[in-house]
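Okay, structure first, notes after.
Bear in mind the structure is a predicted one, so any value in this text is a computation, not a measurement. We're numbering straight along the sequence, starting at 1. Atoms within each ligand, like the ligands themselves, are counted from 1 in listed order.
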Amino acid sequence: MFTSQQLREQLSSIHRKSYPAYKSLKGAYDFKNFILSIDHVQGDPFASPSHLTIQVPAKIAGFPDFCFSSKSVQIAVQDYLLRKFSQQLSIYNFKAKGSGKSGLISTTNCGQEILERTACEINQNFLILRFTVGFPANGRTINSLELEKILFDFLPSCVQKALFYKNLSGKEIESVVFLAEDQEFIRKELKKRQLVAFVANGSILPRESGISQKPLKNAIPFHSPDSLSVEMNLPHKGVIKGMGISRGITLIAGGGYHGKSTLLTALETGVYNHIAKDGREFVITDASAIKLRAEDGRFIKDVDISLFINDLPNKKDTHCFSTLDASGSTSQAAGIIEGMESGSTLFLLDEDTSATNFMVRDAFMQEVICREKEPITPFLERAPQLFSKAGISTILVAGSSGSFFHIADTIIQLDCYQVLDITKKVKQLCSNYPLPPSSIPAFCTPSFQRVMSCNKKPSYKDRKLKCQGKETFSIGKDTIDLRYIEQIIDYEQTAGLGELLRYAQEHLIDGKRTISEIVNLLQKDLENHGFKRICSNSYISCGMAVPRIQEIFSCFNRYRRP
Ligand code: ADP
Ligand code: MG
């Protein structure tokens, strides 16, 4: 390791030289209170900025033990510190001058959810922050005086203010930790009480707009109907009441625009913890829940969709079904089977985004088109078995088909954003609208023995990764479309998925391992080492978040392979 004085000297020796001389700065420097490491230096002032890391020894950072009481608490503290550090950096963004990205200083911009990210990491020895800096130049000539300002004035001030416990509000950190512990408590309580979701009274579910995830101002707060109300005694917040959704099949009914999808979306994101004041911090869903929807045109490979689809007119085998261009119903069938494979125990569906012919067939249609001519066993008929035979619950939004009333264990109505429990009332009516008799083919647990294929050992070029925001990334010539994986809520998760797929291509996909073997290996690696081994660079950079195992499956399932 070098001293900071050596860095100063090196900076002055490259002043006014041509840009590549900046490369000589790569290395770690001791700043007494922290170690600054310059991990990667950009090629020119217009290229993506340089990657830097700050490590503060745990003793100096001074965070008390209660910040590490569990993994989720640690992630919440990391998230908090990252937000604080990012705030400090933004004060100095572009305060140093020059061409191109000169003077840019930034790190991850956190949203409403609390995610495990590479930008901030706490371990036994260090508090680690990763960020990027545009090394300043005039034209392509190094201006190291400006970089000196950044490294010797700006950064030490950011570290002082955002990363030393003594300079932060102890109260604030305590409330971050307490919230994380309360959220964790609710998650555990769900399991104990056979619930799949909890929505606290007073929660604010709608968001400001399609482009802002902040809570909607003046929204009507959530309130549970008495019959579904549960009480929990949280370790810190104390007694809290709200709606408990039991295992089984729950139907969310109601007129258009009455808030059905808003509730479902809140449940979808309830797999993550939210920050204080989000409005959804006490909306907690079974962490394995997945949103399922129709996805015309998606790629499907070797999925056993025979539970839902059989006897296709083209005689295609549905026990091992592949297509480059799925229909609405086959895509949704595949989504469900893949969801089972990923270990999910809660499916979330909205009629609006489902394939109608996959969901239900009414009596008249059954009479005209006889069972033998219809390859699809609709979800309506399978959902009860998914629960009784595979332990998978469903929460379904339905506004148009009454058939679902028959299979639901709980029926809630949204009426002007208020939740009503109408189960009893509707169950009494069911006999007036009987379901047509039908013979459901037997329930056979699908086979998940899908080997993940690859045609050749990918060359370096084939593995070039490009992340284009939240919805897609490309690897070599292939683009992976994640547009309809609605529970990916941050582009850093997508970037993480890209790295995982690239790593799998290089090390795990061998034409012998099954998808679930591969995904489970990756998941273990992530859990034990973060992105350290998975990341292809010699250093870890900011810009990646750990995805859930369900999204890893979803991503790998959409990777178009031979
Ligand atoms: P549905 O799915 O029943 O048609 P949505 O959930 O799409 O209805 O909600 C319709 C509109 O109402 C949305 O613009 C949403 O932001 C708003 N909204 C939902 N819940 C509330 C609430 N609790 N308070 C105020 N506005 C809400
Ligand atoms: Mg809707």
Side-chain angles (χ1 to χ4, degrees), residues 111-113 197-226 228-229 240-245 249-272 274 276-285 289-296 328 332 335 346-360 379-380 383 394-405 408 410-423 425-426 483-487 489:
Q112 299 297 103
E113 284 82 15
F198 174 78
V199 185
N201 291 344
S203 295
I204 300 297
L205 307 187
R207 299 293 97 189
E208 206 165 58
S209 71
I211 50 165
S212 163
Q213 285 298 302
K214 297 258 164 68
L216 178 70
K217 291 189 186 85
N218 304 319
I220 296 171
F222 183 88
H223 191 82
S224 169
D226 290 342
L228 299 177
S229 180
I240 151 177
K241 280 187 186 171
M243 179 172 77
I245 301 182
I249 300 175
T250 303
L251 194 67
I252 303 173
Y257 221 69
H258 280 254
K260 303 185 297 296
S261 300
T262 303
L263 172 57
L264 191 76
T265 309
L267 295 171
E268 284 164 33
T269 51
V271 300
Y272 304 112
H274 289 90
K277 301 208 177 83
D278 171 81
R280 299 168 296 182
E281 53 271 52
F282 296 113
V283 179
I284 304 284
T285 311
I290 51 170
K291 171 69 178 293
L292 293 163
R293 54 168 295 160
E295 198 181 333
D296 297 37
Q332 211 158 351
L346 174 63
F347 291 163
L348 305 169
L349 288 91
D350 194 328
E351 210 184 36
D352 287 355
T353 51
S354 294
T356 315
N357 62 337
F358 175 76
M359 296 303 285
V360 51
F379 185 73
L380 173 75
T394 295
I395 300 176
L396 171 70
V397 166
S400 66
S401 172
S403 305
F404 293 107
F405 290 137
T410 309
I411 303 161
I412 61 182
Q413 180 189 350
L414 272 151
D415 182 12
C416 302
Y417 317 128
Q418 306 279 4
V419 176
L420 312 172
D421 179 359
I422 57 169
T423 313
K425 190 173 98 188
V426 176
R483 223 174 335 158
Y484 294 123
I485 316 301
E486 293 170 301
Q487 287 162 297
I489 39 90

Can you work out which protein residues put a heavy atom within less than 4.0 Å of ligand 1?
Pro206, Leu216, Ala219, Ile220, Gly255, Gly256, Tyr257, His258, Gly259, Lys260, Ser261, Thr262, Tyr417
Flag the pair [X] / [Y] as yes when at least one side-chain heavy-atom distance between them is below 4.5 Å, and no otherwise.
X	Y	value
Ile395	Leu346	yes
Tyr272	Gln112	no
Phe198	Ile240	yes
Thr265	Arg207	no
Glu113	Thr269	yes
Gln413	His258	no
Ile252	Leu414	yes

When rounded to the nearest 0.5 Å, the distance separating CG of Asn218 from CD1 of Ile204 is 9.5 Å
For the Mg ion (ligand 2), which protein N/O/S atoms fall under 2.8 Å? Skip waters.
Ser261 OG
Side chains of Ser400 and Glu351, donor plus acceptor under 3.5 Å:
yes
